[in-house]
Amino acid sequence: MATYENLLLDLNNGILTITINRADKLNALNIDTIREIKTAIQQVYDDADVKGAIFTGAGQKAFVAGADIAEIAELSELNARGFAERGQDVFAMIERCTKPVIAAVNGFALGGGCELAMACHMRVASDNARFGQPEVNLGVIPGYGGTQRMTQLIGKGKAMELMMTGDMITAEEAKNLGLVNHVVPQEDLMLKCNEILGKIISKAPLAIGLVIDCVNAVFNKDENGYQTEANSFARCCSSDDFVEGTNAFLEKRKPEFKGA
Ligand code: COA
C-alpha cells in the first residue's frame with residue numbers, strides 16, 4: 001500500500017475512508033495532497049477489496065478550505081494552466097470512478113473543497129458545514145471544475161450568484177439548492193455515509209458502475225446518453241449478477257451478487 005503524508009486511509013467492510021489530514025491548515029489542498037488523492041483514488045479503481053469510498057476532512061471544523069492559498073499565490077500564467085488541469089484530471093477520476101464515492105462534508109467546503117465534494121457522486125453534510133466558491137475574493141476563479149459541476153448541480157442562476165458573490169452558504173441552504181443530499185448532526189455524519197454506501201455496495205457492482213457512467217453521460221457533449229443507457233442495460237442483461245438478481249426475486253430470497 002502507498003504511504004501518505006497528507007491523507008489517512010482506512011478500509012472497513014469494503015469502504016475506503018480517505019481523510020484529508022492537514023487540520024492545522026483546514027485541510028487545504030496543496031499540490032502534494034492532490035497528488036496523493038490521485039494515488040488513493042487509483043487504489044479505489046484497482047483494489048478489488050474496495051467497493052466504495054468516502055472523502056472527508058480531519059478535525060471538526062473543515063472538510064477542505066480550498067486550494068492552498070500560499071501555493072496559488074506563487075502561480076504564473078504559464079504554470080497556472082497545468083495546475084488547474086492536473087487538479088481537474090484528478091477530480092475527473094473521482095467523478096468517473098465506477099465504484100460509488102461519497103463526500104462526507106464535515107465543515108468548511110470552500111473553493112477546491114467544494115469542488116472536491118462536487119466531484120464525488122453525492123454529498124452528505126454535517127449541520128455545521130459551509131459551502132462556497134470564494135475565489136473571486138482572491139481575484140481568481142474556480143480551477144478544479146467548479147464552474148462546470150456547480151452549474152450542473154444547482155443550475156446556472158444560482159451557480160452564477162455563488163461564484164460571483166463568493167458567498168458562503170449553510171448546509172441547509174446547500175441542501176435546498178440540491179448541492180447536498182442529506183444534512184445530519186456532525187456526530188452522525190460518518191454513520192450516515194457508511195449506511196448509504198453500505199446499501200449501494202450490497203447491489204450488483206456492474207449495475208452501480210453503469211448507473212454512474214450513464215448519469216455522467218448526460219454532461220458529455222460528445223456522447224448520446226440514451227445510447228449509452230441502452231448499451232449499459234444490455235451489458236447488465238448479459239451478466240451473471242442479472243441472472244442471480246432476477247432468480248433471487250422469483251425464488252423469494254436475497255441475491256448474492258458476485259460482481260460479474
Ligand atoms: N489555504 C492555505 N491555508 C489556509 C486555507 C487555504 N485555503 N484556509 C485556511 N488556511 C489556514 C489559515 O491560513 C490558518 O493558518 P495559520 O494558523 O498558519 O495562520 C489556518 O488554516 C486556520 O485558518 P483561519 O483562517 O485562522 O480560521 P478561521 O476559522 O478564522 O477562518 C475560513 C476559516 C475558512 C473562513 C478562512 O480560513 C478562509 O477564508 N480560508 C480561505 C478560504 C478560501 O478562500 N478558499 C479558496 C481558496 S482558492
Side-chain angles (χ1 to χ4, degrees), residues 7-21 27 29 33-34 36-47 49-60 62-64 90-110 112-131 144-146 149-150 152-154 171-172 174-175 177-205 207-216 219 259:
L7 302 182
L8 300 172
L9 268 64
D10 176 47
L11 180 60
N12 198 9
N13 292 328
I15 296 174
L16 185 68
T17 300
I18 302 166
T19 304
I20 319 291
N21 188 32
N27 305 317
L29 298 176
T33 307
I34 290 285
E36 291 188 3
I37 290 175
K38 182 175 183 182
T39 306
I41 198 72
Q42 190 64 54
Q43 187 185 335
V44 179
Y45 275 69
D46 296 343
D47 187 342
D49 292 335
V50 177
K51 313 289 183 197
I54 299 173
F55 275 99
T56 195
Q60 310 280 306
F63 174 68
V64 167
V90 174
F91 285 11
M93 279 177 75
I94 298 172
E95 182 171 58
R96 292 187 200 131
C97 182
T98 53
K99 297 175 184 176
V101 184
I102 297 186
V105 181
N106 57 315
F108 291 112
L110 303 175
C114 190
E115 292 173 296
L116 171 62
M118 292 191 295
C120 295
H121 301 133
M122 61 191 88
R123 287 143 293 284
V124 180
S126 56
D127 45 13
N128 65 321
R130 296 286 179 274
F131 293 80
Y144 288 166
R149 291 196 182 92
M150 180 168 273
Q152 291 165 4
L153 279 165
I154 69 174
E172 213 43 61
K175 186 176 162 207
L177 289 173
L179 188 57
V180 155
N181 295 55
H182 304 277
V183 179
V184 296
Q186 190 167 43
E187 60 271 24
D188 299 336
L189 180 63
M190 296 315 289
L191 186 71
K192 180 75 178 174
C193 291
N194 276 281
E195 232 172 64
I196 296 172
L197 259 190
K199 183 187 273 189
I200 295 171
I201 66 177
S202 74
K203 318 290 179 191
I208 296 301
L210 291 172
V211 167
I212 293 169
D213 284 349
C214 290
V215 173
N216 283 337
F219 304 104

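- Put simply, the side chain of His121 never gets that close to the backbone of Ile212: no donor and acceptor are under 3.5 Å apart.
- With Glu115 contributing its side chain and Gly146 its backbone, the two residues share a donor-acceptor pair below 3.5 Å.
- Contact between Ala58 and Asn21 at its shortest, heavy atoms only, is CB-OD1, 3.4 Å.
- By the 4.5 Å heavy-atom criterion applied to side chains, Ile102 and Cys193 are counted as neighbours.
- Between the side chain of Tyr45 and the backbone N or O of Ala40 there is no donor-acceptor pair closer than 3.5 Å.
- Counting only heavy atoms from C-beta outward, the side chains of Met122 and Val180 never approach each other to under 4.5 Å.
- In this structure a side-chain-to-backbone donor-acceptor pair under 3.5 Å is missing from Lys192 to Val124.
- For Arg123 (side chain) and Asn181 (main-chain N/O), no donor-acceptor pair under 3.5 Å exists by modelled atom type.
- Note that the OG atom of Ser126 and the CE atom of Met190 stand 10.5 Å from one another [nearest 0.5 Å].
- Rounding to the nearest 0.5 Å places CD1 of Ile94 at 5.5 Å from SG of Cys120.
- Side-chain contact check for Lys51 versus Lys99: every heavy-atom pair is 4.5 Å or farther apart.
- In this structure, Glu95 CD and Asn216 CG are separated by 4.5 Å, a value rounded to the nearest 0.5 Å.
- Side-chain contact between Ile154 and Met150 is present, with heavy atoms from C-beta onward closer than 4.5 Å.
- Within a 6.0 Å sphere centred on CG of Asn13, other residues, nucleotides and ligands contribute 12 heavy atoms or fewer.
- Remark: the backbone N or O of Ile18 is not paired with any side-chain donor or acceptor of Asp10 at under 3.5 angstrom.
- The minimum heavy-atom distance between Leu116 and Phe91, with the atom names listed, is N-CE2, 3.4 Å.
- In this structure, the side chain of Asp47 engages the main chain of Asp49 through a donor-acceptor pair within 3.5 Å.
- Taking every heavy atom of both residues into account, Ala53 and Val44 meet most closely at CB-CG2, 4.0 Å.
- Considering only heavy atoms from C-beta on, Phe55 comes within 4.5 Å of Ile20 through its side chain.
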For this session: Apply the test side-chain contact (heavy atoms from CB on, under 4.5 Å) to residues Leu29 and Ile37: give CA-CA distance (whole Å), side-chain angles for both, the deciding distance (0.1 Å), then the verdict.
Result: CA-CA 10 Å; Leu29 298 176; Ile37 290 175; 3.9 Å; yes

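- Ala171 and Ala125 get closest at one heavy-atom pair: CB-CB, 4.0 Å.
- The two residues Ile208 and Pro100 have their closest heavy-atom pair at CG2-CD, 4.1 Å.
- Panel note: side chain Asp188, backbone Val184; no donor-acceptor pair is recorded below 3.5 Å.
- Note: Leu9 CG to Thr17 OG1 = 8.5 Å, rounded to the nearest 0.5 Å.
- Put simply, the side chain of Gln186 gets close to the backbone of Gln60: a donor and an acceptor are under 3.5 Å apart.
- Going from atom OG1 of Thr19 over to atom CD1 of Ile54 covers 9.0 Å, rounded to the nearest 0.5 Å.
- Taken from CG in Asn27 to CZ in Phe63, the straight-line distance is 9.0 Å, to the nearest 0.5 Å.
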